[in-house]
Each structure stands twice: as C-alpha cells, then as structure tokens.
Amino acid sequence: MSRIAYVNGRYVPHRQAQVHIEDRGYQFSDGIYEVIAVEGGNLVDEKWHLDRWDRSLGELRIAPPMGRSALMLVAREVLRRNLVRDGIVYMQATRGVAPRDHAFPKRSKSALVMTARRKKGPSALLAEHGAKVITIPDIRWERCDIKAVALLPNVLGKQRAAEAGAFEAWQVDRDGNVTEGTSTNAWIVTAAGELVTRQPAHAILNGVTRLAVIEIARLRQLTVVERAFTVAEAMAAREAFLTSTTSAVMPVVRIDDVAVADGAPGPISRALREAYRAHVAG
Ligand code: PDD
C-alpha cells in the first residue's frame with residue numbers, strides 16, 4: 001500500500017507530494033507544526049495539541065488554514081487512507097506561497113500539509129535500560145514556546161547527540177540551566193522526591209506529554225515543581241527522564257559521562273512511563 005499525504009486540499013501519493021518552491025516555509029521557515037500520537041485510532045491529547053497549534057499560529061500571525069473541526073476531519077482522513085491506528089500524524093501550516101520578500105505578503109493563503117505514519121518510537125529495550133543524553137549550549141531564538149518549523153539548532157544538537165552515541169542533547173542556557181532537549185522536555189527527580197521540570201515560558205516548548213505527565217504525577221500525589229535546574233543538579237539527581245509525543249516517558253541514566261544515581265532507570269520514571277502508557281491507551 002502506498003502512503004497518502006494531504007497537501008493543500010488534495011490527498012496525493014506521498015512520493016508525489018510537493019509544495020511550491022516559494023512556499024514561505026521552504027524559504028523562511030515561516031510556519032508551524034504539530035506531531036500528535038495516534039493510539040487505537042484516537043488522537044492522544046488532541047485538545048492540547050490543537051490549543052498549541054492555534055497558539056503557535058496566533059503568535060506568528062499566520063491565518064489558520066482551516067478551523068479545528070475541519071483540521072481534525074483531514075487528520076482522521078489521512079489516518080484512514082494510510083491505515084494508521086497506532087502511530088503519529090504530522091501537520092504543518094505555513095504562511096503560504098508568495099514572491100520572496102521577508103515582510104508578510106499582502107495576499108497569501110496559508111498552506112497546510114499532513115502526513116501519517118505507523119508507530120516508530122524508540123525501542124522498549126532503550127526504555128528498559130535508560131537513555132544517555134549529552135549537554136550542549138542552547139543557541140536557539142527566544143521564542144522556543146512557538147512550535148515553529150525553524151529547527152536548525154535542534155537538528156544540529158540532535159546530530160551531535162547521535163554522533164556521541166546519545167539519545168538526546170539537553171540544551172543549556174547562559175545561566176547553566178537546562179532548558180529542554182532538542183525534541184523533548186527534560187525532567188529530574190530530586191533527593192527529596194520532587195519532580196522538577198522547567199517552567200513553561202519562552203525558553204521551552206510546553207510539551208503536551210509534559211502537561212499530561214504533570215497531571216498524572218499530581219494525581220499520584222507526587223510533587224511537581226516547575227523551575228529551572230542546572231546540569232550539576234541533574235547529574236546529582238535521584239532520577240532523570242525526558243518526555244515527548246514520540247518518546248513518551250524515557251528514563252535518562254547518563255548525562256555526558258556521569259551516571260544518574262546507579263545508572264539504571266529509577267522507580268518514579270518507570271512508574272510514570274507505565275502510567276503515561278495507560279493514559280495514552282485511554
Ligand atoms: N517534538 N521540546 C521540543 C523542542 C520539541 O520539539 C518537542 C516535541 C517537545 C515535546 O513536546 P510534546 O510532548 O508535545 O511532543 C519538547 C516533536 C515530537 C517533534 O519535533 O517531532
């Protein structure tokens with residue numbers, strides 16, 4: 001079966017899916033995106049993703065290519081046409097096609113593309129043993145809260161991680177605090193058993209998985225503190241983990257060359273991974 005993509009109003013074979021060379025996403029990264037997990041045919045935490053989609057569009061003053069219910073109809077159709085019941089749907093909107101000029105075009109129609117694919121998350125084996133992260137300077141812009149397609153620093157950071165044999169790179173701001181991973185949010189568990197993850201502000205993407213895990217943790221009477229933490233604090237933490245749509249809850253057992261605690265996934269990370277799995281399963 002060949003894959004189908006949605007491109008500006010049409011469902012086309014994935015191999016032939018194309019956008020114009022003057023799409024502003026292509027020339028200026030002038031666009032935003034979402035990655036939503038699909039489990040048993042349901043879009044996981046759909047409302048939170050749509051809220052963030054609308055927020056990203058609003059912050060960049062890109063006109064929504066269509067309303068929320070139409071968007072979800074397209075998403076479900078893309079899933080149906082690709083026979084995806086467990087996997088992810090990717091959606092991207094840009095300011096559209098216009099002659100190249102930095103300022104917003106007077107007339108342009110927001111462009112929308114969507115794709116879906118079957119589940120291909122990190123292996124269960126990795127979660128069992130825990131992942132390694134490296135630390136790198138955060139060289140991104142000051143609006144990382146917007147889910148923009150401008151991901152060059154993230155791309156370079158993830159490549160550094162790959163070359164170091166690590167799963168992720170944790171980005172560190174000028175004050176020595178971890179902001180987040182290149183495509184994941186960063187967490188630690190302190191000696192006192194408190195969960196710490198950076199507060200949602202311009203320095204990080206407010207991950208939907210992050211929101212879900214905060215809710216799950218609080219329901220389990222765990223204390224969640226939203227604040228910055230340093231690399232040194234993370235290295236000395238009782239546990240560390242990361243969250244994202246595609247990684248779920250992934251224990252972190254090594255930061256640069258330092259083992260976190262005994263170098264094995266800790267009980268809180270494991271329990272949250274299980275609880276998050278149950279949440280996703282609905
Ligand atoms: N990445 N931080 C960054 C920089 C991200 O790109 C992502 C998501 C997250 C986690 O957000 P969420 O829990 O909503 O997936 C945090 C997606 C999955 C991606 O780029 O593929």
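Note that the structure is predicted; figures quoted are calculated from it, not measured. Atoms within each ligand, like the ligands themselves, are counted from 1 in listed order.
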One finds that the ligand 1 atoms under 4.0 Å from a non-hydrogen atom of Thr245 are 12 (P), 13 (O), 14 (O), 15 (O)
Classify the ring geometry between Phe241 and Trp187 as parallel (under 30°), tilted (30 to 60°) or perpendicular (over 60°). parallel
Those atoms of ligand 1 less than 4.0 Å from some heavy atom in Gly207: 11 (O), 12 (P), 13 (O), 14 (O)
Does either side chain, that of Asn82 or that of His14, offer a donor lying less than 3.5 Å from an acceptor on the other one? no
I need the contact type for Ile204 against ligand 1. Using non-hydrogen atoms and a strict under-4.0 Å cut-off, is it side chain, backbone, both or neither? neither
In terms of atom number and element, which parts of ligand 1 are under 4.0 angstrom from non-hydrogen atoms of Glu180? 2 (N), 3 (C), 4 (C), 16 (C)
Number the atoms of ligand 1 from 1 as they appear, then name those within less than 4.0 Å of a heavy atom of Asn185, with their elements. 10 (C), 16 (C)
Could you tell me whether Val208 approaches ligand 1 through its side chain, its backbone, both or neither, with non-hydrogen atoms closer than 4.0 Å? both
Compute whether any side-chain donor of one residue and acceptor of the other, for Thr223 and Glu194, lie under 3.5 angstrom apart. no
Backbone or side-chain N or O of Thr246 under 3.5 Å from ligand 1 N or O: no
Check: Asp23/Thr94 side-chain N/O donor and acceptor closer than 3.5 Å: yes
Side-chain H-bond candidate by donor/acceptor type, Glu34 with His49, under 3.5 Å: yes
Is ligand 1 under 4.0 Å from a heavy atom in the side chain of Thr184, in the backbone, in both, or in neither? backbone
